[in-house]
Amino acid sequence: MRRFIMSIIFLLSGFFCFAFDWPIGGRNISSTFGSKGYGTFYQGIKLNSRGEKVHPSEKGEIIYYHDESGPFSKLPSGLGSFIIVEHEGELKTVYGHLRKGSVIETPGEVDPAAVLGESGDTGFAYGTTLFFGVIDGELQQLINPLLLLPPFEDKRPPVIKSPTMEFRETDISVADNVVVPSGTCRLTATIYDPSEHVDFFSPMAPYSITVFLGGETITSIEFDALEITNGSLKLPGSSGISYSDFYSEEWVLNLGEIELQPGKTQLEIVARDLGENETSVLYNLNVEKQ
Amino acid sequence: MSNRKTVIVVLIVLAFLYLFLFPPFLGKELVFNPVWIKDLTTMELGRSNIELTVDNDDAERIIPFTSDNLFGYLSTAGEVLYLNRALYHTTVSQERFVNSSNVPSTLVVRNREGSIDYSIDTNGYAVFAEDRLFVLSPNRNGIAEYNDRGALRWRRELLAPITCIDFNENSCIIGNLSGEVIIFNSDGEKVFAFTPTGSKIEVIYGCTMTRDEQFIAVIAGLYPQRFIVLEHRGDSYKPIYTEILETELRREAAMYISEKGDIVYFEGGKHPRVFFNSEKFSQPINSEGRLITVSENKEYMLHFLTLEHNDGGKIAVFDPRKGKLVTDFHIESSDVFLNVSKNSLFLGFEKKVVRLDMQMR
């Protein structure tokens, strides 16, 4: 229900204010929610920055912080110096990789004007950056922060490349009017969303991917939330896809198994980003009885 | 009259006998005798001198240490067996170490001579707990254990970041941002989960457990913040003590529970606090500072606390039997390493290591 409400808020973004503000001035996103990150789904967004002041995205209370300049801890911190703020409705925001020693000295209640610290390179970070994540304590989910932040300009649509049908004995590159055998195969494709704000190759996950076969939806994946199932993070709205199920090689996504019946059919892959840019590829397939 | 004299003589004799037979009750003085001091800045980095140990199979004689961006192994005789510069994250066990950059994609596990034992292709930071190897995921909400050949034993992801952790030979206890305390066994199975309630904000700030897992202690919540001790009874744990704290810690709080679970040390504002399980009460320790680590000396039954105080460090010696601070002393560095081995203290600060032998006289 809550995700539905969030989606409605997102769709009505042109008319209403967003729940959260951007924690730093720049919109230089280099990793998005659900993308390939450190052997698991990336659990928030990563904003490239140059030591900017970090503000809470909404009024709340600091409930946990860690400063790498502090004394010995049994617990190493991949988030480096970080702060977690609790907001109304059991939403918590995470601000990671803050500059060592910059963490606010008197943690307590904060409003969006407060300075939590400065973006830095502490913890598992390549360069100066800010990790921003959202935890929904009520739904027990990690939420895509971009659903709650004001939209940013994004004119570059997602990229779909190299769709491949992996049969038991052979792999077939999907092209228009390709001849493929009937039966079950695994569909893979390289899909990512390029960022116009990042000058190096830093592909990001699109917001949604849908696969149609013969006009019927066979796969629908949305990067709106992650939840824990059997001790690992999964995309809840997509039949519980885990990271290892979803990412095979670098940016090659597993789009699920498809059943091909003899005859002519169409395969369509549609990818959308949060800037409402869409890319779709359509292939006519000649399925021969095997 | 002679009877009175006899009584007086007997009393005097008894008093002398008491002095000779029960001197501890009259109060002995704890003396630290310096044995050696090593200036680590004069040592060559990365070179193994393991052959210097007379008996290098005797693991008790080798002291792993990390101090002021240096780490390595010392013999109790003061020989530097291995020394190197600590990178972003370093973990050192009795047998092995991992010294990694801030973004390692492979964790290289080396033996104490510095040679590669094995490596693990994973992202995260390694933590040795005695000789068990854990890896914490980059977002701090995943934990995995690897065996001594580098094979994954188990891995668990959590929704919220891990806020505190403690280990023993068989289990691992974690607290998290969702206010949950979880014990994982050596197969990674969740054998116990507990969510303390009663605070406006439920977060676990500190956790510790005994080696036999009979007792666990946690610092939980905000408004109010509470210190809770649980005991294993039947198939579960039952709270046996709860104390409302005056603190409002919003970061990891150091805790230490003694081997038998009779004493718990924890942060308590300006002063560390100590909890006595048999009497079910806690008191502040008369030495200001933020608790960092605790080590036990079994012969004299003394506990050594390292504290952070006024941008420097402090060692506080506490006698749990008397419930009193024996002594404390300030060190001009907040990065203090302390290892208590038998009756010797190995104290590291400002790139120097000192051995002090304890004596009661």
Side-chain angles (χ1 to χ4, degrees), chain A residues 37-44 61-80 82-86 90 92 94 96-97 103-104 106-108 121-127 131 133 135-137 139-142 226-234 242-243, chain B residues 66 88-91 100 102-105 121-127 129 135-142 154-167 174 177-179 188-190 200-203 205 222 248 250-252 254 290-293 306-308 313 334-337:
Chain A
Y38 313 141
T40 182
F41 284 117
Y42 202 73
Q43 297 163 28
E61 177 152 11
I62 295 173
I63 58 167
Y64 194 87
Y65 71 94
H66 169 80
D67 195 328
E68 292 281 82
S69 64
F72 165 81
S73 163
K74 284 180 187 169
L75 190 56
S77 179
L79 287 171
F82 70 97
I83 285 183
I84 297 173
V85 179
E86 182 163 279
E90 290 192 49
K92 298 177 181 81
V94 184
H97 309 311
V103 169
I104 188 169
T106 51
D121 60 357
T122 55
F124 218 97
Y126 295 92
F131 170 84
I135 302 166
D136 188 326
L139 276 182
Q140 289 290 295
Q141 287 181 337
L142 296 169
L226 291 168
E227 65 183 18
I228 297 290
T229 310
N230 297 328
S232 61
L233 282 167
K234 295 188 175 174
S242 68
Y243 173 83
Chain B
T66 53
Y88 190 83
H89 175 70
T90 307
T91 180
S100 54
N102 68 324
V103 283
S105 56
D121 283 332
T122 188
N123 296 288
Y125 295 141
V127 181
V135 175
L136 275 296
S137 70
N139 272 30
R140 234 171 108 134
N141 61 345
W154 56 270
R155 178 191 173 106
R156 290 283 175 276
E157 285 177 319
L158 302 154
L159 187 76
I162 297 169
T163 50
C164 56
I165 200 159
D166 196 17
F167 313 90
I174 61 154
L177 196 75
S178 305
E189 291 160 351
K190 195 191 270 193
K200 188 182 156 202
I201 292 170
E202 304 291 2
V203 173
Y205 293 100
L222 268 179
E248 276 186 20
R250 293 159 196 262
R251 53 163 171 76
E252 185 186 1
R290 172 179 168 181
L291 181 67
I292 311 297
T293 64
T306 58
L307 309 173
E308 187 191 53
S334 60
D335 191 358
V336 177
F337 155 79

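Residue numbers start from 1 in every chain, and the chains themselves are labelled A, B, ... in the order their sequence lines are given, proteins ahead of strands. Bear in mind the structure is a predicted one, so any value in this text is a computation, not a measurement.
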Structural part of [X] lying under 4.5 Å from a heavy atom of chain A:
X: Ile174(B); result: neither
X: Leu177(B); result: both
X: Asp121(B); result: neither
X: Val103(B); result: both

### Task
Would you sort out whether Tyr88(B) and Glu68(A) count as a side-chain hydrogen bond (donor to acceptor under 3.5 Å, both in side chains), showing the intermediate values?
CA-CA 10 Å; Tyr88(B) 190 83; Glu68(A) 292 281 82; 2.5 Å; yes
Please state whether the side chain, the backbone, both or neither of [X] comes within less than 4.5 Å of a heavy atom of chain B.
X: Asp67(A); answer: neither
X: Glu86(A); answer: side chain
X: Phe131(A); answer: side chain
X: Leu233(A); answer: both
X: Ile135(A); answer: side chain

### Query
When you measure from the side chain of Asn102(B) to the backbone N and O of Gly123(A), does any donor-acceptor pair fall under 3.5 Å?
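Indeed, once roles are kept as given, a pair shorter than 3.5 Å links the two residues.
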#### Entry: Exam field: side chain Asn141(B) to backbone Leu158(B), donor-acceptor pair closer than 3.5 Å
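Here the side-chain-to-backbone pair exists.
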### Task
For each of Gly124(B), Ser178(B), Ala160(B), tally heavy-atom pairs with chain A at distances under 4.5 Å, and name the one with the top tally.
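Most pairs with chain A among the choices: Gly124(B).
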### Task
Flag the one option from Ile162(B), Ile165(B), Leu159(B) with the top tally of heavy-atom pairs under 4.5 Å to chain A.
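Counting heavy-atom pairs under 4.5 Å, the top option is Leu159(B).
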### Test item: side-chain donor near acceptor, Thr306(B) and Thr293(B), under 3.5 Å
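Result is yes, a qualifying pair exists.
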